[in-house]
Asks: 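Quick one: the structure is below, questions incoming.
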Protein chains: 2
Amino acid sequence: MTTLRDVAREAGVSVATASRAINGHSNVTGPTRDAVLAAVKKLNFVPHSGARSLTRKKTDTVGVILPDLFGEFFSEIIRGIDLVAHESGMHLLLGNMHGSTHETAAAIAAMRGRVDGLLVMPPDVKPELLAGYLDPALPTVLLNYDAGPLDLPFVAVDNYRGAYAMTEALLERGARQVIHIAGPKHNRDARDRQRGFVDAMAKVAKERNPVILPGDFSEESGEEAARLLVQGQLPADAVFAANDQMAVGLIAELARAGVSVPRDVMVAGFDDIPLARHLSPGLTTMQVNIDRLGSTGMMLLLRLLRGDTLGAASATILNPDLIARGTTGGAAADGARAGIAAGASPP
Amino acid sequence: MTTLRDVAREAGVSVATASRAINGHSNVTGPTRDAVLAAVKKLNFVPHSGARSLTRKKTDTVGVILPDLFGEFFSEIIRGIDLVAHESGMHLLLGNMHGSTHETAAAIAAMRGRVDGLLVMPPDVKPELLAGYLDPALPTVLLNYDAGPLDLPFVAVDNYRGAYAMTEALLERGARQVIHIAGPKHNRDARDRQRGFVDAMAKVAKERNPVILPGDFSEESGEEAARLLVQGQLPADAVFAANDQMAVGLIAELARAGVSVPRDVMVAGFDDIPLARHLSPGLTTMQVNIDRLGSTGMMLLLRLLRGDTLGAASATILNPDLIARGTTGGAAADGARAGIAAGASPP
DNA sequence: GTTCACAAAGTAACCGGTTACACGCGCCAA
DNA sequence: TTGGCGCGTGTAACCGGTTACTTTGTGAAC
């Protein structure tokens, strides 16, 4: 590998001068600069970023620590981060916490000396533990995680408000009995969505004890919920699933049981996965601009790196948008929907 | 930040001893080791990976350079890479070439001194240019790119064989007139798929001039092809689109024109995007295990890093699997399918 | 009691850059 | 002529670790 010394020797100057010429400092004469650059070209010299960052105390890299994510969510969040990072000439070092708390600590520790800042999304790690893992000297922004006592800037989606709005919309469209399929119990997003649903039901429909079926964000748990609905003959004219994945499973299983969406029952999801608009009828859902979660987080981190002092007060809350499609379609007159019992004809 | 010298001072030993104790070398006595580790804990010392990799000449990081990728493809490939990398304690540094050739060179250069090896997927860069950008001293594996003259190990999907198999399958299911919708002309995957189709038609159906409609992998170009088919009243009882995206557009537009799939015409795609199985009827397609592209590439790179010398001869070719679903469904008797003309009733 | 072998710990060079400081030189004012 | 200034360049310390080499100290062998 060619080093700076090789270049300096070739150009007949000292390493200091070579370094200055390469980095475009002003105190180098034209001819000297040319000689150095010629040597660089001739020897095919590329600066060693590792060595450079050691003295500069800057790596031009940010660490991104995400949980085990699948599909669109992962790629969208990275895309959002990269979009902003790339503009500022920053690189992305990926760390995966693979679910376990222990790995989270390891992933964060491994970042020391490699990155200038951290973007962390630790859905399953308790705040008090997280505090112990993070290096207070390293600028850090949390993704989709209310920092709580940590006083770190964060970006989150307003799941509560989204779920509230969706529930409200279903009621406005004439639903009387809305049922919610919840996400995993320990999952913060899921809990917030459930709270939004419960509050909207209480406030708008004056229903204090709405039906909530368990789920875990998987398609299968959506199917399971559908079976519960049909077999239990639960009176429902609308189902609000805590995510699209479950809504998809729900709809498929309802169809198998002879229940038609939206004729017999309306269905809504959350997230707006790409599949949502391709279903027929299309799935009504809350669109979460996941890429914005990433890009906004990265912007906050850049400000932190520039020296601004930002705390939890600088948090950004993203509002999801309601996308109305076919599964809540048709201008059903108030209370006109048949409900699940009507369509159900068990095999 | 705490450094190794701080730890050494605290423990009352030299930096060399501290370093040895921390790295578990054998030539340190028990009490000394304990003293050092106690100091580490007390001062909350975390080794500076940047400095460490400078002397060790190992970064435990591999660079991953991908084009602008969206959605599933991107996340799956990263997931595959991470799976293997994580097992070997390797980190992933992401670089995006953002389409342009110039950025590709920059992305590769930026990796110098940060990574031990490179995983590159350069679909739009010409081999002779790529050769100039790559550092011959840096272990490199190419993804989905036939190295050609570069003599680098690579992993690719056997698009030719996949397309051949799919065409054959359509013919076996009774199709007489199969039409292909091609992908972008400059795209290597698209070209290989087209060749597979042409060869299968020649060999199996003795058809030397099969109809090929232009496309660009987009949903719109699939719709466009459908309009051509219907308006031109082209005799076709099966359409093989070069990717799923186009097949989706095709099917939607055919439905609008009153052509039923698979009753009037069979449709097949390529890739097995998640949407494929959610359509009704489900889309018959070739499943490319994208994560295996990543994991296999990473395995090759690990071997390279271990010192094995691997050239283009070590390439791994992944075979896609045929997933038969509804769009080629029904046990149509030989030649019994109505064809497009039959179902078409232009508005 | 001296010699030798060997283990534990220290000293300092080194990885590949950056940069504070020193140096030499030409130019101008005093 | 001399002192001062500024510019271009070189010398060497430094970033934070690792490790070759050296030193010190202990016990076994003669």
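The chains referred to below are lettered A, B, ... by the order of the sequence lines, with proteins before strands, and numbering in each begins at 1.
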Asks: Do the side chains of A:L66 and A:I78 get nearer than 4.5 Å, heavy atoms only?
Replies: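 Of all side-chain heavy-atom pairs linking A:L66 with A:I78, at least one is under 4.5 Å.
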
Asks: B:R20 CZ to C:dA8 P: how many Å, rounded?
Replies: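 Rounding to the nearest Å, CZ of B:R20 and P of C:dA8 are 11 Å apart.
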
Asks: Roughly how many Å is it from CG in A:D116 to C1' in D:dC15, rounded to a whole number?
Replies: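 In whole Å, D:dC15 C1' lies 14 Å from A:D116 CG.
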
Asks: With a 4.0 Å cut-off on heavy atoms, is B:S19 in touch with a base, just the backbone sugar-phosphate, or nothing at all?
Replies: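 The residue B:S19 makes base contact.
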
Asks: Over all strands shown, is B:N27 touching base, sugar-phosphate only, or nothing at heavy-atom distances under 4.0 angstrom?
Replies: sugar-phosphate

Asks: Among A:K57, A:K58, A:R56, exactly one meets salt bridge (Lys or Arg N to Asp or Glu O under 4.0 Å) together with A:D60. Which residue is that?
Replies: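 So, applying the salt bridge (Lys or Arg N to Asp or Glu O under 4.0 Å) to A:D60 and each of A:K57, A:K58, A:R56, only A:K58 qualifies.
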
Asks: Scan B:S53 against the nucleic acid and name what it touches under 4.0 Å (heavy atoms): base, sugar-phosphate only, or nothing.
Replies: nothing

Asks: Which nucleotide in the list D:dA20, C:dG17, D:dC15 gets nearest to the side chain of A:K57?
Replies: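 Closest nucleotide to the A:K57 side chain: D:dC15.
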
Asks: Go nucleotide by nucleotide along DNA chain D from the 5' end; which of B:H25 and A:T17 gets its closest nucleotide reached first?
Replies: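 In this pair, the answer is A:T17.
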
Asks: Could you say whether B:R33 or B:T55 is positioned toward the 5' end of DNA chain C, judged by the nucleotide with the nearest heavy atom to each?
Replies: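 That would be B:R33.
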
Asks: To the nearest angstrom, how far is B:R52 atom CZ from C:dG16 atom C1'?
Replies: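 These atoms are roughly 18 Å apart.
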
Asks: Is B:D82 salt-bridged to B:R79, going by a charged N under 4.0 Å from an acidic O?
Replies: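 No, this pair does not count.
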
Asks: Would you mind reading off the distance between B:D34 atom CG and C:dA9 atom C1', rounded to a whole angstrom?
Replies: 16 Å

Asks: Examine the base of D:dG16 for any acceptor or donor lying under 3.5 Å from a partner atom in the side chain of A:R112, and report the outcome as yes or no.
Replies: no

Asks: Are any non-hydrogen side-chain atoms of B:N96 and B:I65 less than 4.5 angstrom apart?
Replies: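 They are not in contact (no side-chain heavy atoms under 4.5 Å apart), so the answer is no.
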
Asks: Keeping B:T61 on the side-chain end and B:V115 on the backbone end, is there a donor-acceptor pair under 3.5 Å?
Replies: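 Here the side-chain-to-backbone pair does not exist.
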
Asks: Is any side-chain N or O of A:T32 closer than 4.0 Å to OP1 or OP2 of D:dT9?
Replies: yes

Asks: Is the phosphate of C:dT18, meaning OP1 or OP2, less than 4.0 Å from a side-chain N or O of A:N23?
Replies: yes

Asks: B:L4 CG to D:dT19 P: how many Å, rounded?
Replies: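 Computing the B:L4:CG to D:dT19:P distance gives 12 Å.
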
Asks: Within the structure, does a side-chain N or O atom of B:T29 lie under 4.0 Å from either OP1 or OP2 of C:dA9?
Replies: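 Checking B:T29 against C:dA9: at least one side-chain N or O falls below 4.0 Å of OP1 or OP2.
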
Asks: When only distance counts, do a donor and an acceptor, one from the side chain of A:R5 and one from the base of C:dG17, lie under 3.5 Å apart?
Replies: yes

Asks: Ignoring the backbone of A:S14, work out which of D:dG8, C:dG10, D:dT11 is nearest its side chain.
Replies: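 Ranking D:dG8, C:dG10, D:dT11 by closest atom to the A:S14 side chain puts D:dT11 first.
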
Asks: Using atom CZ of B:F45 as one end and atom C1' of D:dG17 as the other, report the distance to the nearest whole Å.
Replies: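 Taking atom C1' of D:dG17 as the reference, CZ of B:F45 is at 8 Å.
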
Asks: Within this structure, what is the CG-to-P distance between B:L54 and D:dC14, rounded to whole angstrom?
Replies: 17 Å

Asks: Return whichever of B:A16 or B:G50 has its heavy-atom-nearest nucleotide of DNA chain D closer to the 5' end.
Replies: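 The 5'-side residue here is B:G50.
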
Asks: Could you tell me the separation between the CE atom of B:M1 and the C1' atom of D:dG16, rounded to a whole number of Å?
Replies: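 Computing the B:M1:CE to D:dG16:C1' distance gives 12 Å.
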
Asks: For a quick check under 3.5 Å, do B:S314 and B:R303 share a side-chain donor-acceptor pair by atom type?
Replies: no

